[in-house]
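If you're wondering where the values come from, they're calculated on a predicted model, not measured in any experiment.
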Amino acid sequence: MFLLLKGGEVYSPQPLGRKDILICNGKIVRIADEIKPMKEFGNVEIVDLQGFIIVPGFIDQHVHIAGGGGEGGPVTRTPEITLSDITKGGITTVVGLLGADGITRSMASLLAKARALEQEGITTYIYTGAYELPTRTLTGSVRSDLVLIDKVIGTGEIAISDHRSAQPTTEDLTKLAAEARVGGLLGGKPGIVHLHVGDGIRGLSPLFEIVENTEIPITQFVPTHINRIGHLFEQGLKFIEMGGVIDLTSDIKPDAHTKTALTPKEAIKKIIENKLPIEKVTMSSDSNGSIPVFDENKRLVKVMVGSAQTLYRDLREVIVEGILPIEQAIKIITENVAKVLNLYPNKGCIKEKSDGDIVVLDSNLNIHSVIAKGVFMIKDKKIVKKSMFEE
């Protein structure tokens, strides 16, 4: 019931110095310079973390937990994610979604997979929808899904500026955003519209038009894959200037087909150079989604699969190379995301009364242990908990 972490260097993400952290029933109940177990605690697991760094558990807001892909036919459908695929990347909270395939993948199976992962120990949410418009739902509308289904916190992954999208008009997107906004208000949810943005020339133009010509605030939209191509990233900078939040995707890098793509490290460096607030930046992994490569005629060349472990791998580079100090960099996958999803301060931070989601880093900033809701998922770099059918 009680877990006592002793003497680690704590970043909440703000630096707190060396602290003890007491967790009970999945919640952080006390943070202090020294905590001594009392008889009233009963059995207490005490873990000495002197010499280690303690940060909040990571939040990945874009994970194809039930699999994705399919752009090359049924054989290219990607597999469901496993628990350890997630936790090895330090991730303790995920948001699941559908993508290009809303036909052989269903909202019902997405919800079931989210519930399974929750039973296995991490925190899960989902977006209702898929690439297409009208989009996929559980109850018949985005609004009612947000009000009636506990795990639904927004709609997505809605595709724009992409040859695989439904080519939605600005009016289509405006109506969807209005549905999500009202559903979020009625359901006590963020009601965000999580948008897959392709490499098409229009980029974020439809969002700029909606924000300029309607009452829907820019904060209703979270466009992702912003670092996939140069012209889109430039629009992303403008989106931040207007008060919006952009979501970078890990593991993106330039190649023969997208020579102007930016790695997350490069994108963050440019955001800093433009003196834009890092609080308006998040990053997700697109894990277990397909990573299709198309030629100049939009013909499929090859398909790869995203990995959740790229999320922290790419952020670690930002810290190690001195682009941002750890307390600012770590916000990109913790506090910033939690605030966008209305999960803060339960998630994304280390505070009393917050969930006991913690990542322990060694002196080289590698993941040493992962705790989700007060339970070790990874301990001393060894997997402690796995999915039921995981080998």
Side-chain angles (χ1 to χ4, degrees), residues 61-62 95-100 102 105-108 110-111 114 125-162 164-198 200 202-226 232 235-236 238-247 280 282 284 336-344:
Q61 65 176 319
H62 188 118
V95 185
L97 40 61
L98 301 180
R105 309 285 188 183
S106 72
M107 284 302 306
L110 181 68
L111 178 60
Y125 300 94
I126 62 173
Y127 299 123
T128 186
Y131 271 23
E132 70 261 32
L133 285 178
T135 201
R136 301 290 165 171
T137 64
L138 286 157
T139 63
S141 77
V142 167
R143 183 184 302 208
S144 59
D145 277 11
L146 279 159
V147 175
L148 300 175
I149 309 297
D150 57 345
K151 286 200 171 296
V152 174
I153 59 171
T155 183
E157 164 187 18
I158 309 299
I160 63 171
S161 303
D162 194 295
R164 294 165 293 170
S165 76
Q167 306 304 313
T169 65
T170 303
E171 183 180 0
D172 293 332
L173 291 171
T174 302
K175 288 181 177 178
L176 177 70
E179 277 286 290
R181 180 163 181 79
V182 176
L185 292 171
L186 296 175
K189 314 278 187 65
I192 62 169
V193 182
H194 187 80
L195 292 153
H196 162 105
V197 190
R202 288 175 296 170
L204 299 179
S205 296
L207 304 190
F208 294 140
E209 187 176 340
I210 292 170
V211 172
E212 290 167 4
N213 297 308
T214 76
E215 295 74 33
I216 296 171
I218 196 168
T219 50
Q220 207 67 42
F221 303 99
V222 177
T224 192
H225 312 322
I226 296 298
L232 177 59
Q235 287 185 317
K238 179 183 175 183
F239 199 77
I240 295 176
E241 288 176 351
M242 293 172 63
V245 172
I246 62 168
D247 187 53
K280 296 294 185 180
T282 62
S284 56
N336 294 358
V337 195
K339 288 180 175 178
V340 167
L341 301 179
N342 287 3
L343 303 179
Y344 187 87

Novice: About how many Å separate OG1 of T174 and CD of Q220, when rounded to the nearest 0.5 Å?
Specialist: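 Output value for this atom pair is 11.5 Å.
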Novice: Verify side chain to side chain contact (heavy atoms under 4.5 Å, CB included) between I160 and R202, making sure each step is shown before the conclusion.
Specialist: CA-CA 9 Å; I160 63 171; R202 288 175 296 170; over 6 Å; no
Novice: Say whether, by atom type as modelled, one donor and one acceptor occur between the side chain of T135 and the main chain of E132 under 3.5 angstrom.
Specialist: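 Indeed, once roles are kept as given, a pair shorter than 3.5 Å links the two residues.
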Novice: Distance from Y131 atom OH to L97 atom CG, nearest 0.5 Å?
Specialist: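 Reported to 0.5 Å precision, the distance equals 9.5 Å.
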Novice: Which heavy atom in D162 sits nearest to a heavy atom in G198, and how many Å separate them?
Specialist: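 Closest heavy-atom pair between D162 and G198: OD2-CA, 3.5 Å.
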Novice: Please test L341 against I192 for side chain to side chain contact (heavy atoms under 4.5 Å, CB included), starting from the C-alpha separation and ending with a verdict.
Specialist: CA-CA 8 Å; L341 301 179; I192 62 169; 3.7 Å; yes
Novice: Shortest non-hydrogen contact from I153 to P190?
Specialist: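 Residues I153 and P190, closest heavy atoms: O-CG, 3.3 Å.
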Novice: Keeping S161 on the side-chain end and G200 on the backbone end, is there a donor-acceptor pair under 3.5 Å?
Specialist: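 Side chain of S161 to backbone of G200, a donor-acceptor pair under 3.5 Å: no, none is there.
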Novice: Measure the CD1-OG distance between I158 and S165 for me, rounded to the nearest 0.5 Å.
Specialist: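 With rounding to 0.5 Å, CD1 (I158) is 10.5 Å from OG (S165).
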Novice: Passes side chain to side chain contact (heavy atoms under 4.5 Å, CB included), L173 versus F221? Steps please.
Specialist: CA-CA 10 Å; L173 291 171; F221 303 99; 5.5 Å; no
Novice: Looking at every heavy atom in both F208 and Q235, which two are closest together, and how far apart are they?
Specialist: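 Scanning both residues completely, I find the closest heavy atoms to be CZ-O, 3.6 Å.
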Novice: How close do L232 and G203 get, counting heavy atoms only, and between which atoms?
Specialist: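 Residues L232 and G203, closest heavy atoms: CD1-CA, 4.1 Å.
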Novice: Specify the closest pair of heavy atoms between V245 and F239, including all atoms of both residues, with the distance to one decimal.
Specialist: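 Minimum heavy-atom contact is O-CE2, 3.5 Å.
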Novice: To the closest 0.5 Å, what do you measure between OH (Y127) and NE2 (H62)?
Specialist: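 Answer rounded to 0.5 Å: 8.5 Å.
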Novice: Could you check if a side-chain atom of D247 sits within less than 4.5 angstrom of a side-chain atom of I226, using non-hydrogen atoms only?
Specialist: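 D247 does not reach I226 side chain to side chain.
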Novice: Whether K175 and E171 form a salt bridge (side-chain N of Lys/Arg under 4.0 Å from carboxylate O of Asp/Glu) is what I want to check.
Specialist: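 K175 and E171: salt-bridged.
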Novice: Any chance you could measure I210, atom CD1, to E215, atom CD, to the nearest 0.5 Å?
Specialist: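 Answer rounded to 0.5 Å: 12.0 Å.
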Novice: What closest approach, in Å, do A177 and I216 show between heavy atoms, and which atom pair accounts for it?
Specialist: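 Taking A177 first and I216 second, the nearest heavy atoms are CB-CD1, 3.7 Å.
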Novice: Could you tell me how the ring of H225 sits relative to the ring of H196: parallel (under 30°), tilted (30 to 60°) or perpendicular (over 60°)?
Specialist: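 Perpendicular: the ring planes of H225 and H196 meet at over 60°.
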Novice: Donor-acceptor pair, distance only, cut-off 3.5 Å: does the side chain of D145 make one with the backbone of L138?
Specialist: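 Confirmed, D145 side chain pairs with L138 backbone.
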Novice: Any donor-acceptor pair under 3.5 Å linking the side chain of T155 with the backbone of T128?
Specialist: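 Checked: pair present.
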Novice: Using the rule given for side chain to side chain contact (heavy atoms under 4.5 Å, CB included), can you reason through M107 versus L98, listing the C-alpha separation, both sets of side-chain angles and the distance that settles it, and then say yes or no?
Specialist: CA-CA 8 Å; M107 284 302 306; L98 301 180; 3.8 Å; yes
Novice: Mind checking whether V222 and Q61 have side chains closer than 4.5 Å, heavy atoms only?
Specialist: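 Result yes, sub-4.5 Å side-chain heavy-atom pair found.
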Novice: Measure the NZ-CD1 distance between K189 and I149 for me, rounded to the nearest 0.5 Å.
Specialist: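 The distance works out to 8.0 Å.
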